[in-house]
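Lettering follows sequence order; numbering is per chain, from 1. Quick caveat, the model's predicted, so the values are computed rather than measured. All values below were derived from every heavy atom in this structure, side-chain atoms included, with hydrogens, water molecules and symmetry-related copies excluded.
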2 protein chains.
Amino acid sequence: MTTMKQIAKELGVSVSSVSLVLNNRDHGRIKPAKAKQIRQTAERLGYQPNPLARSLRTSKTGLLGFISEDVATTPFAGGIIQGAQDAARASGYIMLTVNAKGAAEEEEDVAALRRYGVDGFLYAKMYNRVTTIPDYLRGSPIVLVDATDADGVSPSVEPDEYLIGVDATNALIRAGAKRIAYIGCQDPLIAQRERSRGYRQALKDAGIPILDSMMIKVGDNERALRDVERLFDDEHPDGFFCFNDARAWYVYESAARRGLTVGRDISVVGVDNHLVLAQTMTPRLSTVALPHYEMGYWAVSQLVSNIRHEHINMNDMPETLASLPPLGGPYPAKIHCPLIYKESLVGGETD
Amino acid sequence: MTTMKQIAKELGVSVSSVSLVLNNRDHGRIKPAKAKQIRQTAERLGYQPNPLARSLRTSKTGLLGFISEDVATTPFAGGIIQGAQDAARASGYIMLTVNAKGAAEEEEDVAALRRYGVDGFLYAKMYNRVTTIPDYLRGSPIVLVDATDADGVSPSVEPDEYLIGVDATNALIRAGAKRIAYIGCQDPLIAQRERSRGYRQALKDAGIPILDSMMIKVGDNERALRDVERLFDDEHPDGFFCFNDARAWYVYESAARRGLTVGRDISVVGVDNHLVLAQTMTPRLSTVALPHYEMGYWAVSQLVSNIRHEHINMNDMPETLASLPPLGGPYPAKIHCPLIYKESLVGGETD
DNA sequence: GTGAAAGCGCTAACAG
DNA sequence: CTGTTAGCGCTTTCAC
């Protein structure tokens with residue numbers, strides 16, 4: 001690792017000159033010729049700044065703390081982390097990731113991150129939930145990911161669950177389905193509430209009557225399968241909007257047992273919380289993807305812009321992200337991430 | 001953040017004394033009374049060492065670089081990361097995670113990690129694969145995760161795929177299955193090779209004839225479903241060892257179409273590369289879990305022990321890990337992680 | 001036993 | 001324009 005000192009010595013100049021030049025703070029301070037020289041030898045020697053030494057003076061480390069839960073057990077985490085990491089790289093930051101199993105462990109981890117002088121925190125949940133920012137996290141720049149701040153003061157990034165409901169239902173309508181069922185989940189999740197609201201709205205807009213008997217909430221078990229089977233037999237739906245892959249699975253199983261084929265006899269749209277069905281069964285299954293990658297990307301962009309008190313530069317964004325609506329201000333409280341659609345063959349031919 | 005300086009000032013002693021005491025290097029150098037005083041005020045002021053400042057002198061940062069690929073698209077990543085992180089925490093390290101999309105990006109990321117002075121690297125693949133360590137990574141302590149070093153010189157941590165094959169097949173035999181099929185994958189993966197080897201061995205040991213017609217390799221598509229259906233109709237198997245969840249799905253679909261119920265009419269064991277089926281269908285589906293968490297944990301333990309030239313302290317391990325065989329030496333070339341079994345109700349009652 | 005001093009690599013104020 | 005100086009928080013050598 002070459003240091004500024006070495007460059008200075010090599011050229012017989014002072015370290016401060018080198019520092020000024022290499023930080024591009026030499027406008028009208030260092031003679032251009034000398035500056036050029038410095039830059040060249042820096043290049044030649046393969047100089048790389050030592051961010052840790054720098055941070056000792058500036059107390060800016062270029063480190064971002066990513067705090068999550070359940071990374072181990074959910075397939076969503078990867079997308080968020082990846083998006084966050086890509087955005088971090090694009091802004092010259094590096095992520096320190098910790099995953100805590102409880103509040104105590106989390107507090108410890110946050111303390112560790114603090115010791116390493118992270119410039120800000122990402123606080124990620126694995127599904128959208130109203131969340132209170134713990135005391136030990138206050139006072140630092142922070143952005144919530146896939147979570148809603150209970151106090152409504154911290155910026156947060158969340159998927160637009162309502163839009164998922166509307167669009168998924170519209171996809172089924174467009175595919176010609178007349179009797180559209182909603183297979184929801186039993187937990188009182190924001191996603192459950194908003195998606196079913198979207199479902200109702202889409203039906204209403206299309207002039208299709210909303211029947212309670214077509215909306216069921218099921219868990220993850222044998223009982224759920226029986227409930228779906230009963231819905232099949234009682235209501236004979238020809239379109240299914242499934243809260244997630246697990247629910248889509250029950251529909252597949254029920255259909256298979258009745259000699260029905262998805263994509264021919266019935267249409268199914270699922271939200272791809274999980275991956276198996278989408279991977280194996282496309283194009284027979286249509287999926288609406290939650291914008292995990294996008295949430296991660298936006299969250300970091302937001303965090304960095306808050307740290308630096310700058311606006312987000314849309315030109316640096318990957319294509320899918322650059323088309324998002326620009327942020328409302330330097331500290332928007334909430335960004336809704338748009339949806340991603342995959343393989344929209346709903347009710348198309350089977351082979 | 002209180003500093004050593006503050007403590008020193010408060011007590012009217014020198015910073016070096018504080019440093020010695022707080023690093024427990026004061027044996028016979030600092031008077032015990034004074035040492036105690038120092039420790040107390042450190043405690044009282046909530047002193048936390050600044051690892052970055054320390055690293056400037058020691059060139060040890062307590063940072064570990066975690067390099068991976070495909071974090072975004074595989075559900076395995078979470079487990080590995082979680083295990084790695086838990087082990088890191090237990091040893092007082094923190095992980096810097098980067099996920100690169102190509103060799104060029106990876107090299108950049110490694111350079112960034114080097115600038116931050118990571119003490120070592122974890123190089124993780126998302127399925128077991130023979131891997132060459134790139135030049136830009138040489139020279140630092142490194143451990144491969146879910147990968148095999150092509151040169152056989154770097155330590156690596158991998159699952160025991162052969163054992164998976166043996167045990168999964170034995171589970172089916174124990175459940176009373178007589179005609180056991182193997183639904184493999186088409187890619188020439190280590191996992192595919194070793195699992196099928198284990199399958200053959202288990203059948204051989206049980207005196208069951210090995211039939212080529214009972215072993216098929218399928219992809220991820222409609223064609224795969226047809227192949228499985230043909231197997232059903234031609235061979236009428238009563239037990240299925242599935243390479244992964246996706247393959248198990250084809251078995252479920254085929255069975256449902258034939259009026260067969262898994263757990264009553266046929267037995268299925270899958271390797272839970274993915275999660276959906278395991279989550280929704282247990283206890284009807286038996287799964288063998290790959291030891292992702294364990295691999296992450298062991299890899300970091302190994303890396304840290306290499307960095308510090310120490311042996312791994314088994315007492316610090318979580319219970320499931322402490323029962324593993326101890327490592328062969330300070331620099332073992334290869335650790336095989338044991339398997340985890342879930343819900344072993346193969347061919348049990350359906351409800 | 002203890003403190004003074006140097007230095008890790010860098011930035012920033014200030015003097016020239 | 002440029003160099004000197006000081007100092008971020010810590011470790012380590014070396015006098016006392």
Side-chain angles (χ1 to χ4, degrees), chain A residues 1-39 41-42 45-63 92 111-119 308, chain B residues 1-39 41-42 45-63 92 111-112 114-119:
Chain A
M1 288 283 92
T2 40
T3 69
M4 287 192 174
K5 201 178 184 179
Q6 289 172 30
I7 298 175
K9 195 169 159 196
E10 180 118 353
L11 261 54
V13 300
S14 78
V15 198
S16 23
S17 302
V18 178
S19 174
L20 282 177
V21 172
L22 264 24
N23 286 306
N24 295 315
R25 311 196 143 288
D26 59 322
H27 175 68
R29 332 242 257 119
I30 305 287
K31 220 185 308 191
K34 183 155 284 186
K36 195 177 169 192
Q37 243 184 347
I38 291 177
R39 267 182 258 270
T41 36
L45 267 39
Y47 171 78
Q48 296 285 92
N50 179 333
L52 268 34
R54 170 183 290 165
S55 79
L56 218 47
R57 289 292 321 201
T58 60
S59 57
K60 292 269 167 232
T61 51
L63 260 19
L113 293 178
R114 279 240 154 80
R115 258 177 271 136
Y116 278 92
V118 295
D119 295 338
R308 298 187 178 154
Chain B
M1 287 284 89
T2 39
T3 69
M4 287 190 173
K5 202 179 183 177
Q6 289 172 30
I7 298 176
K9 196 170 157 196
E10 179 117 353
L11 261 54
V13 300
S14 77
V15 199
S16 22
S17 301
V18 178
S19 173
L20 281 177
V21 170
L22 263 25
N23 287 305
N24 295 315
R25 310 196 144 289
D26 59 323
H27 175 69
R29 333 243 256 117
I30 305 286
K31 222 185 305 191
K34 184 155 282 185
K36 195 177 170 192
Q37 243 184 346
I38 292 177
R39 266 182 259 271
T41 37
L45 266 39
Y47 170 77
Q48 295 287 91
N50 179 334
L52 267 35
R54 170 182 290 166
S55 79
L56 219 47
R57 289 290 321 201
T58 60
S59 57
K60 292 269 166 233
T61 52
L63 259 20
R114 279 240 154 78
R115 258 177 272 134
Y116 278 92
V118 294
D119 295 338

Starting at atom [atom1] of [X], determine the distance to atom [atom2] of [N], rounded to an integer number of angstrom.
| X | N | atom1 | atom2 | result |
| --- | --- | --- | --- | --- |
| B:M1 | D:dC8 | CE | P | 16 Å |
| B:L52 | D:dC10 | CG | P | 11 Å |
| B:D26 | C:dG1 | CG | C1' | 11 Å |
| B:L56 | C:dC10 | CG | P | 9 Å |
| B:K31 | C:dG3 | NZ | P | 10 Å |
| B:M4 | D:dC10 | CE | C1' | 6 Å |
| B:N24 | D:dT11 | CG | C1' | 15 Å |
| A:I7 | C:dC10 | CD1 | P | 8 Å |

Verify the contact: side-chain N or O of [X] to OP1 or OP2 of [N], cut-off strictly under 4.0 Å; return yes or no.
| X | N | value |
| --- | --- | --- |
| A:Y47 | C:dC10 | yes |
| B:R54 | D:dT11 | yes |
| B:N23 | D:dT11 | yes |
| B:S19 | D:dT11 | yes |
| A:S17 | D:dG3 | yes |

Which residue lies toward the 5' end of DNA chain C, B:A53 or B:L20, if each is placed at its nearest nucleotide? B:L20

Please say whether more than 12 non-hydrogen atoms of neighbouring residues, nucleotides or ligands are located less than 6.0 Å from CZ in A:R308. yes

Could you tell me if the side chain of [Y] sits less than 4.5 Å from the side chain of [X], heavy atoms only?
| X | Y | result |
| --- | --- | --- |
| B:L45 | B:E10 | yes |
| A:L63 | B:Y116 | yes |
| A:M1 | A:N50 | no |
| A:I7 | A:L22 | yes |

B:D26: which of B:K36, B:K31, B:R39, B:K34 passes salt bridge (Lys or Arg N to Asp or Glu O under 4.0 Å): B:R39

In terms of side-chain heavy atoms of B:V15, which of D:dT11, D:dT2, D:dG3 is nearest? D:dT11

Using the side-chain heavy atoms of A:K5, tell me which of these nucleotides is nearest: C:dC8, D:dG3, D:dC10. C:dC8

Could you say whether A:I30 or B:T3 is positioned toward the 5' end of DNA chain D, judged by the nucleotide with the nearest heavy atom to each? A:I30

Please find the pair of heavy atoms, one from B:R115 and one from A:P51, that lie closest to each other, and give the distance. O-CD, 3.4 Å

Nearest heavy-atom neighbours spanning B:A53 and A:L56: CB-CD1, 3.7 Å

Is the base of C:dA4 touched by the side chain of B:S16 through a donor-acceptor pair closer than 3.5 angstrom? yes

Can a donor-acceptor pair under 3.5 Å be found between the side-chain atoms of B:R57 and the base atoms of D:dG9? no

Between the opening five pairs and the closing five pairs of the helix from C:dG1-D:dC16 to C:dG16-D:dC1, how far apart are the helix axes, to 10°? 60°

Classify A:G117 by what it touches in the nucleic acid, base, sugar-phosphate, or nothing, heavy-atom distance under 4.0 Å. nothing

